[in-house]
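Residues: numbered from 1 along the sequence shown.
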Amino acid sequence: MYENIMLASDGSADSIKAADQAFQLANLTDAKVDIVYVVDGETSKHDVLRNVDSIGMDEERRDKLRAAEEKAVEANVSYDVTILRGNPSTTIVEYAAEKKVDLIVMGTRGLNVLQEMVVGSVSHQVIQKANSPVLIVK
């Protein structure tokens with residue numbers, strides 16, 4: 001059924017809940033999970049202001065995914081971590097199409113509240129644009 005599951009994660013509480021679901025499905029179907037974090041322009045600017053070097057920024061971004069990685073290890077699921085740059089919804093949809101993802105799993109709300117208020121939630125945009133099925137975890 002599912003061979004390649006994409007977990008869109010940003011370290012938010014909802015994305016951690018989504019991770020639980022992604023790994024449960026992966027165990028049921030023996031799928032591999034690609035944990036994807038998209039750095040948008042606002043996040044990137046904020047990171048530069050708080051960190052002096054790119055190593056610090058990379059470590060901070062990996063820290064946001066640490067809980068999801070720990071859950072993958074606990075669930076004994078094969079996974080990769082991918083950090084991308086761009087508009088989150090567009091980048092998620094494009095990456096899913098490029099990698100021929102069978103299922104996109106994501107939370108309802110992420111860490112970027114301003115973007116949700118201004119242009120609509122990332123999850124809503126992914127649902128509208130993706131060719132793959134999308135599981136939104138509340």
| said: Is there a path of hydrophobic side-chain contacts, each under 4.5 Å between heavy atoms, that joins Val33 and Leu28? | reply: no
| note | When every non-hydrogen atom of Val77 is compared with those of Ala31, the smallest separation belongs to CG1-O, 4.1 Å
| field | Heavy-atom pair with the smallest gap, counting every atom of Ile16 and Lys71 | value | CG2-CE, 3.3 Å
| said: So, taking the atom named OH in Tyr37 and the one named OG1 in Thr82, what distance separates them when rounded to the nearest 0.5 Å? | reply: 14.0 Å
| field | Distance, nearest 0.5 Å, that separates CG of Leu65 from OG of Ser9 | value | 5.0 Å
| Full working for salt bridge (Lys or Arg N to Asp or Glu O under 4.0 Å) between Asp20 and Lys17 | CA-CA 5 Å; Asp20 286 331; Lys17 291 177 189 174; over 6 Å; no
| query | Does Ser132 reach the main-chain N or O of Val101 with its side chain, forming a donor-acceptor pair under 3.5 Å? | reply | yes
| task | Kindly indicate, with the supporting measurements, whether the criterion side chain to side chain contact (heavy atoms under 4.5 Å, CB included) is fulfilled by Ile92 and Val38. | result | CA-CA 8 Å; Ile92 288 168; Val38 180; 3.9 Å; yes
| query | Can you check side chain to side chain contact (heavy atoms under 4.5 Å, CB included) on Leu135 and Leu25, steps first, answer last? | reply | CA-CA 11 Å; Leu135 172 61; Leu25 285 170; 3.8 Å; yes
| Tyr2 side chain to Asp30 side chain, donor-acceptor N/O pair below 3.5 angstrom | no
| said: If I compare all heavy atoms of Phe23 with all of Ala75, which pair ends up nearest, and what's the gap? | reply: CB-CB, 3.8 Å
| request: Mind listing the closest non-hydrogen atom pair of Ser123 and Met106 along with its distance? | output: CA-CE, 3.7 Å
| Ile104/Val126 under side chain to side chain contact (heavy atoms under 4.5 Å, CB included): CA gap, chis, key distance, verdict | CA-CA 9 Å; Ile104 301 169; Val126 170; 4.2 Å; yes
| request: Mind checking the CD-CD1 spacing from Glu69 to Ile35? Nearest 0.5 Å is all I need. | output: 5.5 Å
| query | Do Asn4 and Lys99 pass the side chain to side chain contact (heavy atoms under 4.5 Å, CB included) test, and can you show the C-alpha distance, the side-chain angles, and the key distance before you say yes or no? | reply | CA-CA 8 Å; Asn4 190 12; Lys99 296 294 183 177; 4.2 Å; yes
| query | If you measure from CD on Gln21 to CG on Leu103, what distance do you get to the nearest 0.5 Å? | reply | 10.5 Å
| field | Atom pair CG (Asp40) and OG1 (Thr90), whose distance is rounded to the nearest 0.5 Å | value | 11.5 Å
| field | Distance, nearest 0.5 Å, that separates OH of Tyr79 from CD1 of Ile5 | value | 15.5 Å
| query | Taking side chain as C-beta onward, heavy atoms only, is Met6 less than 4.5 Å from Val105? | reply | no
| remark: When every non-hydrogen atom of Lys138 is compared with those of Thr108, the smallest separation belongs to CA-CG2, 3.8 Å
| Is the backbone of Asp34 close enough, under 3.5 Å, to the side chain of Asp80 for a donor and an acceptor to pair up by distance? | no
| message | Hydrogens and angles aside, do Asp14 and Ser12 bring a side-chain donor and acceptor to less than 3.5 Å of each other? | response | no
| said: If you count heavy atoms of other groups shown closer than 6.0 angstrom to CG of Asn27, is the number above 12? | reply: yes
